[in-house]
Amino acid sequence: MTTASAFHFESLVWDWPIAVYLFLIGISAGLVVIAVLLRQYYPSAAGSESTLMRTTLILAPSTIVIGLLILILHLTRPWTFWKLMFHYSPTSVMSMGVMLFQVYMAVLVIWLAKIYEKEIVALQQRWLPKLSIIPRLLTWLNKAVRALDITMLVLAVLLGAYTGFLLSALKSYPFLNNPLLPALFLFSGISSGIAVSLIAIAIRYRKNVHNQETVFLHRVESFVVWLEIFLLAAFFVGLALGDDGKVRSLIAALGGGFWTMWFWIGVVGIGFIIPLALKKWLNRGHSAFRVILVSGASLLGVFLLRFFVLYAGQLTVA
């Protein structure tokens, strides 16, 4: 496998747009997960002025929309995608994913509308004063705030894991047909959501990035990163202890060549070693530059992980 042919080989079915799609969906799910957790554990810091909540407001829906557009345009017949939105098949991972996206987006809009209730009511009174049903509906949701948070958390977890299920359903590829892949993609997605949030905080509070949100994000980040490392190691151990097809897929992915270098330099080096090595340096002074550098490396590592799993996973066919 040479560099020139690393992105084009006979067994390749899904190429780089799918990796970008998986990355964007992971960011949306990860942002929502940590936003709900912030609302539960630090409700005073999770108001409409919160940087994390503002980042979630902008990126959680937009990354989903962009990701779905990439997926639709990548289909052989993109103009027939609308059929999946109305015809569901319980035996199709893609069909169930479309249903999940629809429910996720609907609940996400309602959830964000409740968080930004004051802003929405102000806009409604200014531009649509006769549409009084909007504030009444938002007030009615006061009874279901906690249930809405829990529902949003469950849907975000399912969405983050779904990206892994989508690949693990490819049974003809032993590398991808792994039960740990949904969990790995879920927690790497949460890691990307944390990284994006920390970068947003660093940009907004350039001289004072150490606040309650930052403390919360770093606490969650420490747990998520080590769990992500454990899941990645368990993923490879499972391949090594599997049947002949899984062993061959592991050798093809990590036995040398372009994707082996990609994994050790990109995923491990940039995504894990650099953020962990620079953690003490970051703690000595939470400057915007340091936060962006460390969080940017972590975010890039998640992006490179998506590419590695997608491409290396298709090198070997059962």
Side-chain angles (χ1 to χ4, degrees), residues 20 22-67 108 112 115-116 119 156 160 186-229 265-306:
V20 176
L22 296 172
F23 176 68
L24 292 173
I25 300 304
I27 288 177
S28 179
L31 280 171
V32 171
V33 168
I34 58 176
V36 173
L37 292 177
L38 181 68
R39 282 172 57 80
Q40 295 301 312
Y41 292 101
Y42 296 94
S44 61
S48 59
E49 291 298 316
S50 161
T51 305
L52 172 54
M53 301 311 301
R54 288 186 174 188
T55 305
T56 304
L57 172 68
I58 297 170
L59 291 183
S62 61
T63 51
I64 286 287
V65 172
I66 295 171
L108 179 63
L112 289 172
I115 294 172
Y116 287 88
E119 290 79 0
L186 169 62
F187 285 99
S188 64
I190 295 174
S191 180
S192 67
I194 294 171
V196 168
S197 301
L198 288 171
I199 291 172
I201 292 172
I203 293 173
R204 185 180 182 187
Y205 302 105
R206 296 181 182 179
K207 296 182 179 180
N208 182 25
V209 298
H210 191 70
N211 53 36
Q212 193 172 26
E213 284 183 271
T214 307
V215 172
F216 166 76
L217 288 170
H218 281 310
R219 286 180 180 175
V220 178
E221 182 184 36
S222 298
F223 170 76
V224 169
V225 168
W226 286 109
L227 183 56
E228 191 180 351
I229 292 172
I265 296 176
V267 178
V268 176
I270 297 175
F272 292 121
I273 294 177
I274 289 179
L276 290 173
L278 296 181
K279 190 172 184 180
K280 290 185 178 180
W281 174 67
L282 176 63
N283 292 335
R284 285 200 294 267
H286 277 69
S287 67
F289 170 76
R290 295 185 182 193
V291 173
I292 291 173
L293 178 63
V294 175
S295 298
S298 178
L299 185 63
L300 179 58
V302 174
F303 183 68
L304 297 176
L305 174 64
R306 294 294 195 270

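Since the structure is predicted, the reported quantities are computational estimates derived from the model, not experimental observations. Just the heavy atoms: all of them, side chains too, but no hydrogens, waters or symmetry mates, feed the values below.
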Please examine the side chains of Pro275 and Val225, heavy atoms only from C-beta on, and report whether any two atoms are closer than 4.5 Å.
no

Those residues at least two apart in sequence (or on a different chain) that pass ring pair (Phe, Tyr, Trp, His ring centres under 6.0 Å) with Phe216 are Tyr42

Applying side chain to side chain contact (heavy atoms under 4.5 Å, CB included) to Ile201 and Leu217, what does each step give before you reach the verdict?
CA-CA 11 Å; Ile201 292 172; Leu217 288 170; 3.7 Å; yes

Less than 4.5 Å apart, any side-chain heavy atom of His218 and any of Lys279?
no

Is a side-chain N or O of Ser191 found less than 3.5 angstrom from the main chain of Phe187, in a donor-acceptor match?
no

Flag side-chain contact, heavy atom, 4.5 Å: Leu112 against Pro61
yes

Heavy-atom check, side chain of Ile274 versus side chain of Val294, under 4.5 Å
no

Enter the distance from Thr55:OG1 to Ile34:CD1 here, rounded to the nearest 0.5 Å.
8.5 Å

Rounded distance [0.5 Å steps], CD in Glu228 versus CZ in Phe272:
4.0 Å

Leu38 CG to Met53 CE distance, which is reported to the nearest 0.5 Å
7.0 Å

Quick one: pull up CG in Leu305 and CD1 in Ile270 and give me the separation to the nearest 0.5 Å.
12.5 Å

Check ring pair (Phe, Tyr, Trp, His ring centres under 6.0 Å) between Phe23 and all other residues, then give those that pass, not counting sequence neighbours.
Phe303

Approximate separation, where rounding is to 0.5 Å, of Leu304 CG and Ile265 CD1
10.5 Å

Side-chain touch Arg219/Val215, heavy atoms, less than 4.5 angstrom
yes

So, Ser298 side chain and Ser295 main chain: donor-acceptor pair closer than 3.5 Å or not?
no

Are the side chain of Glu213 and the backbone of Thr51 linked by a donor-acceptor contact shorter than 3.5 Å?
yes

Exercise: identify the closest heavy-atom pair between Ser197 and Leu52
OG-CD1, 3.0 Å

Mind listing the closest non-hydrogen atom pair of Ile292 and Ala202 along with its distance?
CG1-CB, 3.9 Å

dist Leu227:CG -> Ile190:CD1 (nearest 0.5 Å) comes out at 8.5 Å

What one should report as the nearest heavy-atom pair of Leu198 and Val291 is O-CG1, 3.5 Å

Identify the two heavy atoms, one from Arg306 and one from Leu22, that lie closest to each other, and give their separation to 0.1 Å.
NE-O, 3.6 Å

Closest heavy-atom contact between Ile194 and Val224?
CD1-CG2, 4.3 Å

Within a strict 4.5 Å, meaning less than it, do heavy atoms of the Ile25 and Ile64 side chains meet?
yes

